[in-house]
Amino acid sequence: MADTFLIAEATPDGTFYEWSGPSGAQEDVVLVHGVGLDHEMWDEQVPMLRQRYRVLRYDMLGHGRSQARTVRGIGSFVDQLDDLLGYLEIDRIHLVGLSMGGVVAQGFAGRFAERLRTLILMNTLYRRSEQELTGMRARLALTRDQGLAPIAEAAIARWFNPEFQHLYPDRVQAVREKMLSNRIEPYIAAYAALVDADGEINDVLKRVACPTLVVTGEKDPGSTPAIARRMVADLPAGELAILEGLHHLTPVEAPGLVNQILLEFLSAHSRIE
């Protein structure tokens, strides 16, 4: 078996990250989690990916074990990712983001397109209509008024159907506890940045030339198939995967299927034999 490494620590400026994989691997896959979650969201994907790639996952500003900083829109989270890659001296990457992580990935692509080998955008948002923004604005207002508890329960209801909640109570409870463990002010700052992100992201995907895969769940109520198709329509080299019967947290709902899709796409666009 090839030598492997695992580093799990915080950078000097307070970003917690985990970097692992074969010591001789030549390509890095970077995983960016959704708002209110942390790097552990990718627990089911990392073992598969690090058989062939170095895998970097981290906690966004104010999430998990990363320190909070002043947030000035999605650009603050793009800065964090750029700083982390600079600290680790990583140049070109395969970038994977889910939900808010997908918006951060779009922002990174807009600034650093030449550093992307591939881009994978999962259950995320792009060029939203006023109707599509209504629910997010309401959830932001609810969080400001009542805190995290009602938002956590609303997320569970949107992200998992009753059958899944019955079959996999441990997975659902882990997500619930993660949501409730957030620090309220950093969470509100992150969610507000997500609500307002379209002004920063605009139509950036029209300028993303690298191979890009857009994934969402057939029944995702926020990151809908319609939004996913809108993204692919703007991408010069876009592919689309709509996962039948799935909702928002597809890597948690169907890890085996998601792993297969990720590996097939990455393998098709990497230099690894």
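Keep in mind that this is a model prediction, so the values were computed, not measured.
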Residues that F108 engages under ring pair (Phe, Tyr, Trp, His ring centres under 6.0 Å), provided they are two or more places apart: F112

The single option from T216, V214, I242 passing side chain to side chain contact (heavy atoms under 4.5 Å, CB included) against R229: I242

Within 6.0 Å of CD in E114, more than 12 heavy atoms from elsewhere: yes

Separation between CZ of R54 and CD1 of I93, rounded to the nearest 0.5 Å: 12.0 Å

Straight-line distance of T224 OG1 to L125 CG, nearest 0.5 Å: 8.5 Å

W42: ring pair (Phe, Tyr, Trp, His ring centres under 6.0 Å) partners, not counting sequence neighbours: none

L56, V96, L98, L95 screened by side chain to side chain contact (heavy atoms under 4.5 Å, CB included) with V32, the one that passes: L95

Close side-chain approach of L116 and T212, heavy atoms under 4.5 Å: no

Close side-chain approach of K178 to M41, heavy-atom, < 4.5 Å: no

F5: partners by ring pair (Phe, Tyr, Trp, His ring centres under 6.0 Å), with sequence neighbours left out: W19

Contact check, side chains of M231 and L121, non-hydrogen atoms, under 4.5 Å: yes

ILVMFWY cluster, V103 and L133 together (side-chain gap under 4.5 Å): no

Heavy-atom side-chain contact between R92 and Q26 under 4.5 Å: no

Test item: side-chain donor near acceptor, Y58 and E18, under 3.5 Å: no

Salt bridge (Lys or Arg N to Asp or Glu O under 4.0 Å) between E153 and R176, worked out: CA-CA 7 Å; E153 292 310 312; R176 177 183 286 110; 2.8 Å; yes

Crowding at CD, Q131 (>12 non-hydrogen neighbours, <6.0 Å): no

Minimum side-chain heavy-atom gap L194-L140 below 4.5 Å: no

Value rounded to 0.5 Å, distance of CG in L235 from OH in Y126: 7.0 Å

Non-hydrogen side-chain atoms of M122 and V258 separated by less than 4.5 Å: yes

Selection residues 173-218 - residue pairs positive for ring pair (Phe, Tyr, Trp, His ring centres under 6.0 Å), sequence neighbours left out: Y187-Y191

Interatomic distance, R127 atom CZ to N202 atom CG [nearest 0.5 angstrom]: 8.0 Å

Pairwise distance CE(M48) to CD(Q45) - rounded to 0.5 angstrom: 6.5 Å

Contacts of F164 that satisfy ring pair (Phe, Tyr, Trp, His ring centres under 6.0 Å) - sequence neighbours left out: F160, Y168

Non-hydrogen side-chain atoms of L257 and L246 separated by less than 4.5 Å: yes

R57 side-chain N/O to L31 backbone N/O, donor-acceptor pair under 3.5 Å: no

Heavy-atom neighbours of E44 CD exceed 12 at 6.0 Å: no

salt_bridge(E132, R230) N-O dist < 4.0 Å: yes

From CA spacing to verdict: side-chain hydrogen bond (donor to acceptor under 3.5 Å, both in side chains), R52, S270: CA-CA 10 Å; R52 304 180 65 187; S270 77; 4.6 Å; no

Parallel, tilted or perpendicular: rings of H39 and F16 (30°, 60°): tilted

4.5 Å side-chain heavy-atom contact, L88 and I7: no

Donor-acceptor contact below 3.5 Å, side chain S223 vs main chain T124: yes

Of all pairs that satisfy salt bridge (Lys or Arg N to Asp or Glu O under 4.0 Å), the ones with a partner from residues 69-88, not counting sequence neighbours: D13-R69, R69-D83, D79-R111, D82-R115

